**Q** 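My questions all concern the structure below.
Quick caveat: nothing in here was measured; it's all calculated off a predicted structure.
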Amino acid sequence: MRLKHGSVGRYWPVGLMIVSLAALAAPAAQQTLAKGPIHISADTLHAENKPSQQATYLGNVVMTQGDVVIHANKLVIAALQGKVQTATATGSPVSFTMSSAQRHGYGNTLIYKPGSGEIVLQGNAHLWQEKNEISGQQVTYFLNNQQTAVTAAPGQRVHSVFYPAAANRSASGGRP
């Protein structure tokens, strides 16, 4: 198909808009990764500032930061100079979701490190991306680069289940 002279010029504003939206989309996605304020709700809270900055939340704990959501029975926040260093969640099990990365997981204990962007699941740890699953004694998920490290308990092995892309599309109605 041959374009008429001047037809490309007619569409350049649309092309510029598409390129601009694509450039904005990537930083917007990064902003949802564990950035911004941390919101916590629970049945009870006990907090102290000395000798250390620590807060303990008990009962139906829900913590969110960006699109990271953690559900637990107990959450202990350790802070230094007002900045959260770790959030250690326990439950039966404790779970998390991260919708922008299409990930969710659970374990007996979850340690969230906002500064380094790590989520560490310990004890019966499982992590999914869509239908694909990995499991082991400890699963560490690095939010910023979406890498994962899995270790097994002594004498056991790590496990993975990966579905071929074509199988994922047919199982989800043709959506990636």
**Q** Verify the cluster assignment for Leu45 and Leu75: are they in a single hydrophobic cluster under the rule of side-chain heavy atoms below 4.5 Å apart?
**A**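 Cluster IDs for Leu45 and Leu75 match.
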**Q** Between Gln85 (side chain only) and Lys83 (backbone N and O only), is there a donor and an acceptor less than 3.5 Å apart?
**A**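 Yes, Gln85 side chain to Lys83 backbone: donor-acceptor pair under 3.5 Å.
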**Q** Check residues 115-123 and write down every donor-acceptor pair under 3.5 Å in which the side-chain atom is one partner and the other belongs to a residue at least two apart or another chain.
**A**
from: Ser116; atom 1: OG; to: Glu118; atom 2: OE2; distance (Å): 3.2
from: Gln122; atom 1: NE2; to: Gln138; atom 2: OE1; distance (Å): 3.3

**Q** Hey, does Val158 have a side-chain heavy atom less than 4.5 Å from the side chain of Ser135?
**A**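 When only atoms from C-beta onward are counted, Val158 and Ser135 do not touch, as no gap falls below 4.5 Å.
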**Q** Looking at residues at least two apart in the chain, or sitting in another chain, which of them share a side chain to side chain contact (heavy atoms under 4.5 Å, CB included) with Gln53?
**A**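 Here the qualifying residues are Asn49, Ala79.
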**Q** Starting at CG of Leu110, measure out to OG1 of Thr86 and round the result to the nearest 0.5 Å.
**A**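 OG1 of Thr86 is found 11.0 Å from CG of Leu110.
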**Q** Any chance you could measure Ile77, atom CD1, to Thr88, atom OG1, to the nearest 0.5 Å?
**A**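 It is 8.0 Å, given to the nearest 0.5 Å.
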**Q** If you look only at pairs with a residue in residues 149-161, which of them pass as a side chain to side chain donor-acceptor pair (under 3.5 Å), with sequence neighbours excluded?
**A**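 For residues 149-161: none.
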**Q** By the ring-ring contact (aromatic ring centres under 6.0 Å, His included) test, which pairs, at least two apart or in different chains, include something from residues 46-76?
**A**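 Residue pairs passing ring-ring contact (aromatic ring centres under 6.0 Å, His included), neighbours aside: none found.
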**Q** Is it true that a side-chain atom of Asn132 and a backbone atom of Tyr163 form a donor plus acceptor pair closer than 3.5 Å?
**A**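 Yes, because the side chain of Asn132 sits within donor-acceptor range (under 3.5 Å) of the backbone of Tyr163.
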**Q** Do Ser92 and Asn73 have side chains that approach each other closer than 4.5 Å (heavy atoms only, starting at C-beta)?
**A**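 SC-SC contact between Ser92 and Asn73 confirmed.
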**Q** Quick one: do Ile134 and Val94 end up in the same hydrophobic cluster if we chain Ile, Leu, Val, Met, Phe, Trp and Tyr together by side-chain heavy atoms under 4.5 Å apart?
**A**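 Yes, Ile134 and Val94 fall within the same hydrophobic cluster.
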**Q** Determine whether Ile70 and Tyr112 make a side-chain contact, defined as any pair of heavy atoms from C-beta on separated by less than 4.5 Å.
**A**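 Yes, close enough: below the 4.5 Å cut-off.
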**Q** Look up atom CE in Met98 and atom CZ in Arg103, then write down how far apart they are to the nearest 0.5 Å.
**A**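 Nearest 0.5 Å value for the CE-CZ distance: 8.0 Å.
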**Q** I need the full list of ring-ring contact (aromatic ring centres under 6.0 Å, His included) pairs touching residues 113-151, with sequence neighbours left out, sorted by first then second residue.
**A**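 Pairs touching residues 113-151 that pass the test: His104-Trp128, Tyr106-His126, Tyr106-Trp128, His126-Trp128.
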**Q** State, without any angle test, whether Asn124 and Asn108 hold a side-chain donor-acceptor pair at a distance under 3.5 Å.
**A**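 No, no side-chain donor-acceptor pair sits under 3.5 Å.
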**Q** Atom CG in Leu80, atom CD in Gln54: separation rounded to 0.5 Å?
**A**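 Rounded to the nearest 0.5 Å, the CG-CD separation comes to 13.0 Å.
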**Q** What heavy-atom pair brings Ala42 and Val61 nearest, and what distance separates the two atoms?
**A**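 Looking at all heavy atoms of both residues, the shortest contact is CB-CG2, 3.8 Å.
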**Q** How far apart are the closest heavy atoms of Pro93 and Gly107, and which atoms are they?
**A**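 Nearest pair, atom of Pro93 first, then Gly107: CB-O, 3.2 Å.
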**Q** Out of curiosity, does Ile40 fall in the hydrophobic cluster containing Val84 (side-chain heavy atoms, cut-off under 4.5 Å, transitive links)?
**A**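 In one cluster with Val84: Ile40, yes.
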**Q** For Thr148, check side-chain hydrogen bond (donor to acceptor under 3.5 Å, both in side chains) against everything at least two apart and list the hits.
**A**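 Expected list: none.
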**Q** When rounded to the nearest 0.5 angstrom, what is the spacing between CD in Glu133 and CD in Gln129?
**A**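 Reported value, rounded in 0.5 Å steps: 13.0 Å.
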**Q** How far does CG of Asp43 sit from NZ of Lys74, to the nearest 0.5 angstrom?
**A**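 Output value for this atom pair is 14.5 Å.
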